[in-house]
Amino acid sequence: MSSFKALQTSESAEGRFETRIIEREVSELPAGEVLIRVSYSSLNYKDALSASGNRGVTRNYPHTPGIDAAGIVVESSASGYSEGDEVIVTGYDLGMNTAGGFGQLIRVPATWVIKRPSGLSLREAMALGTAGLTAALCVDKLERAGLVPGDAPVLVTGATGGVGSIAVALLSRLGYNVAAVTGKVEQTQFLTSLGATQVIERSVLQSGTEKPMLKEQWAGAVDTVGGDILFNVIKSLQRGASVACCGLTAGTNFQANVLPFILRGVNLLGVDSVEIPRSTKASMWDKLSTQWKLPNLNELVQEISMEELPQAIERMLAGQQTGRMLVRLD
Ligand code: NDP
């Protein structure tokens, strides 16, 4: 294969960003020890930002987005990987300034590559994708901070999104009582099918920003949206409880005060899935393929082709995406 198909976002002379499918040469791929034929990628919020010209994600265009990929090694100059190995790559610079998983081939440093765990197919790995890895990291951090299943609910914001929906399913799978916050109440049935025991309209979490504290409710929380909703979550955590903060769809800034921290001893835990050690990623993939394996992965996922990506990106930017978008490349 000397040429391959890839989605490419380019900037027009008027500064508009356009995404279309092109034919690329393998020789155009960046240097790296491992060449991988991508079977599946997935659509994450960061891909939608990259595909719409967000310079905080991607500095230079034209560019192929796709922050995660699962596929088969075609060539490797690194010991540890050989032709035919099934592998996963998520995060680091993939899809940011390195041509990403929305192309049929990627070439990456061996230090980014993880062997597919035996309990997950390549398809299942990308059904989870970066969103699943991030949800797992959030749950892992909460449990390390002392969260255990009990009666009080664990809150998940942005619950119909990629990270949110997997966090709901995972927490439910692990025996937690899950409260899902969403701007799409029409998706209540979807959320209850994933295991949510209550569904809360987003506007409820948006009110009370002016109050210094709110009623103690949540045993823990996974926040995928940030902004003032995050601080309202912090203000309504139970004494000593924690929120794992991983997203920014509601905004990067929030008004805060120290009272929940010094009067209730609550914890704000940051979660990064991108630049963490490969060993941490591998241990999360192992969990997701064994004791944390989700029985309802297929219900969470809609499979699309490369041709359908531009429309899906628009939906994601408008906050209309529900569940996970699996992208079929071969
Ligand atoms: P999705 O677009 O799939 O999900 C985002 C969800 O957020 C939406 O479905 C919607 O859910 C909710 N939402 C959208 N707009 C708003 C708004 N204005 N106010 C409040 N809620 C809103 O994205 P992903 O799941 O891929 O990513 C979620 C977030 O997590 C992103 O900010 C992303 O950048 C971040 N992320 C961070 C990672 C890390 O390493 N820290 C890794 C992966 C993602 P609903 O309608 O149900 O409320």
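Read the numbers this way: they start at 1 and go in the same order the structure lists the ligands and their atoms.
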> For ligand 1, which atoms, with element, lie under 4.0 Å from some heavy atom of Ser273?
Replying inline: 39 (C), 40 (O), 42 (C)
> Does a side-chain heavy-atom distance below 4.5 Å link Val38 with Val89?
Replying inline: no
> What do you reckon, is CD of Glu23 surrounded by more than 12 foreign heavy atoms closer than 6.0 Å?
Replying inline: yes
>> So that I can tick it off, tell me whether Arg55 and Glu11 are bridged by a salt bridge, with the cut-off set at under 4.0 angstrom between side-chain N and carboxylate O.
In response: yes
> Quick one: which ligand 1 atoms are inside 4.0 Å of a heavy atom on Gln321?
Replying inline: 9 (O)
> Mind checking whether Val271 has an N or O less than 3.5 Å away from an N or O of ligand 1?
Replying inline: yes
> Got more than 12 heavy atoms from elsewhere within 6.0 Å of CD, Glu25?
Replying inline: yes
> What do you reckon, does Asn44 have a nitrogen or oxygen under 3.5 Å from a nitrogen or oxygen of ligand 1?
Replying inline: no
> Which residue holds the protein heavy atom closest to atom 9 (O) of ligand 1, what is that atom called, and what is the gap in Å?
Replying inline: Lys184 NZ, 3.1 Å
> Among Ala131, Gly323, Ala250, whose heavy atom sits nearest atom 19 (N) of ligand 1?
Replying inline: Ala250
> In terms of side-chain geometry, is the basic nitrogen of Arg107 or Glu33 positioned less than 4.0 Å from the acidic oxygen of its partner?
Replying inline: no
> Side chains of Asn177 and Thr197: donor-acceptor distance under 3.5 Å anywhere?
Replying inline: yes
> Tell me: protein heavy atom nearest atom 29 (C) of ligand 1, and distance?
Replying inline: Thr224 O, 3.3 Å
> Just going by heavy-atom distances, which of Leu248, Thr249, Asp223, Thr157 is nearest to atom 17 (C) of ligand 1?
Replying inline: Thr249
> Can an N or O of Val274 be found at a distance shorter than 3.5 Å from an N or O of ligand 1?
Replying inline: no
>> My understanding is that only one of Val181, Thr160, Ile200 makes a side-chain contact (heavy atoms from CB on, under 4.5 Å) with Leu191; could you say which?
In response: Thr160
>> Could you check whether Arg16 pairs with Glu18 (Lys NZ or Arg NE/NH1/NH2 to Asp/Glu carboxylate O, under 4.0 Å)?
In response: yes
> Is Arg202 in polar range of ligand 1, meaning some N or O pair under 3.5 Å apart?
Replying inline: yes
> In the protein, what heavy atom is nearest to atom 30 (O) of ligand 1, and what distance, to one decimal place, separates them?
Replying inline: Gly247 CA, 3.4 Å
> Quick one: do Leu133 and Trp112 end up in the same hydrophobic cluster if we chain Ile, Leu, Val, Met, Phe, Trp and Tyr together by side-chain heavy atoms under 4.5 Å apart?
Replying inline: no
> Taking N or O atoms only and a 3.5 Å limit, does Thr160 qualify as a polar contact for ligand 1?
Replying inline: yes
> Any idea which protein heavy atom is nearest atom 2 (O) of ligand 1, and the distance to it?
Replying inline: Met316 CG, 3.5 Å
> Is the Phe254 ring parallel, tilted or perpendicular to the Phe231 ring (thresholds 30°, 60°)?
Replying inline: parallel
> Would you say the side chains of Asn44 and Asp68 form a donor-acceptor pair under 3.5 Å?
Replying inline: yes
> Got more than 12 heavy atoms from elsewhere within 6.0 Å of CG, Asn257?
Replying inline: yes
> Any idea which atoms of ligand 1 are less than 4.0 Å away from a heavy-atom of Thr182?
Replying inline: 45 (P), 46 (O), 47 (O), 48 (O)
> In ligand 1, which numbered atoms sit nearer than 4.0 Å to a non-hydrogen atom of Val225?
Replying inline: 7 (O), 21 (N)
> With a cut-off of 6.0 Å (strictly less than), are more than 12 heavy atoms of other residues, nucleotides or ligands near CD of Gln291?
Replying inline: yes
> Got more than 12 heavy atoms from elsewhere within 6.0 Å of CD, Glu83?
Replying inline: no
>> Within the 4.0 Å heavy-atom shell around Gly183, which atoms of ligand 1 are there?
In response: 45 (P), 46 (O), 47 (O), 48 (O)
> Looking only at N/O atoms, are Lys46 and ligand 1 under 3.5 Å apart anywhere?
Replying inline: no
>> Among all protein heavy atoms in this structure, tell me which lies nearest to atom 4 (O) of ligand 1, with the distance rounded to 0.1 Å.
In response: Gly161 CA, 3.2 Å
> Do any nitrogen or oxygen atoms of Val163 come within less than 3.5 Å of a nitrogen or oxygen of ligand 1?
Replying inline: yes
>> Checking a contact table here: which protein heavy atom is nearest atom 26 (O) of ligand 1, and how many Å away?
In response: Tyr45 N, 3.1 Å
> Any idea which part of Ala159 is under 4.0 Å from ligand 1, heavy-atom wise: side chain, backbone, both or neither?
Replying inline: backbone
> ligand 1 and Gly162, any nitrogen or oxygen pair closer than 3.5 angstrom?
Replying inline: yes
>> Is it the case that ligand 1 has an N or O less than 3.5 angstrom from some N or O of Cys246?
In response: yes
>> Using a 4.0 Å heavy-atom cut-off, which part of Thr134 comes near ligand 1: side chain, backbone, both, or neither?
In response: side chain
